[in-house]
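Keep in mind that what you see is a predicted model, and the values were worked out from it rather than measured.
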Amino acid sequence: LLMPMNSLITAKTHSHIMQRFYELGIYPDYWQMSIPRDQRSWENIYSIIQESAPFCQGLFINAVAAPVPQLPTLIEIAGKEKICQGLVVG
């Protein structure tokens, strides 16, 4: 779930799209997505996985477009989330 840089992303954007995939019968073992915007986004993502796909292995955050100075902060935030399995940087 890689969102365009200029798109409007709310706290429910990722979880809403994930829910739609689940409704279509698509249950990935792992998700790869752009960086959730805040703690509420992380909570919504975690909640939808627990409700719809408790056997999901987690997610990888794609931080390829993230500015290098932000990477330490992103690593720290992602590392605190139990569903985050890693950070993809390029």
Under 4.5 Å between side-chain heavy atoms, hopping through other hydrophobics if needed: is there a path connecting [X] to [Y]?
X: V68; Y: V88; value: no
X: V89; Y: F60; value: no
X: Y30; Y: F55; value: no

field: For Q32, side chain to side chain donor-acceptor pair (under 3.5 Å) partners two or more places apart
entry: none
message: If you apply the rule side-chain contact (heavy atoms from CB on, under 4.5 Å), what do you find for L59 with Q85, and how did you get there?
response: CA-CA 6 Å; L59 55 96; Q85 300 298 314; over 6 Å; no
query: Cut-off 3.5 Å, side chains only: do N44 and S41 have a donor facing an acceptor?
result: no
query: Will you find, in the side chains of S34 and H14, an N or O donor that is under 3.5 Å from an N or O acceptor?
result: yes
- line: So side-chain hydrogen bond (donor to acceptor under 3.5 Å, both in side chains) across residues 49-63, not counting sequence neighbours, yields Q19-S52, S47-E51
Measure the [atom1]-[atom2] distance between [X] and [Y] for me, rounded to the nearest 0.5 Å.
X: T13; Y: R37; atom1: OG1; atom2: CZ; value: 8.0 Å
X: I35; Y: I77; atom1: CD1; atom2: CD1; value: 9.0 Å
X: C56; Y: I83; atom1: SG; atom2: CD1; value: 7.5 Å
X: W31; Y: I45; atom1: CH2; atom2: CD1; value: 10.0 Å

- prompt: Applying salt bridge (Lys or Arg N to Asp or Glu O under 4.0 Å), which residue pairs with at least one partner in residues 12-24 are found, sequence neighbours left out?
  reply: R20-E23
Qualifying salt bridge (Lys or Arg N to Asp or Glu O under 4.0 Å) pairs, either residue in residues 74-88, two or more places apart: E76-K80
query: Which heavy atom of A11 sits nearest a heavy atom of D38, and at what distance?
result: CB-OD1, 4.0 Å
message: So, using ring-ring contact (aromatic ring centres under 6.0 Å, His included) as the criterion, who are the partners of W42 when residues are at least two apart?
response: none
field: Residue list, ring-ring contact (aromatic ring centres under 6.0 Å, His included) with Y46, at least two apart or on another chain
entry: none
Atom CZ of F21 with >12 non-hydrogen neighbours under 6.0 angstrom: no
message: Are I49 and Y22 packed together at the side-chain level, in the sense that at least one heavy-atom pair is separated by less than 4.5 angstrom?
response: yes
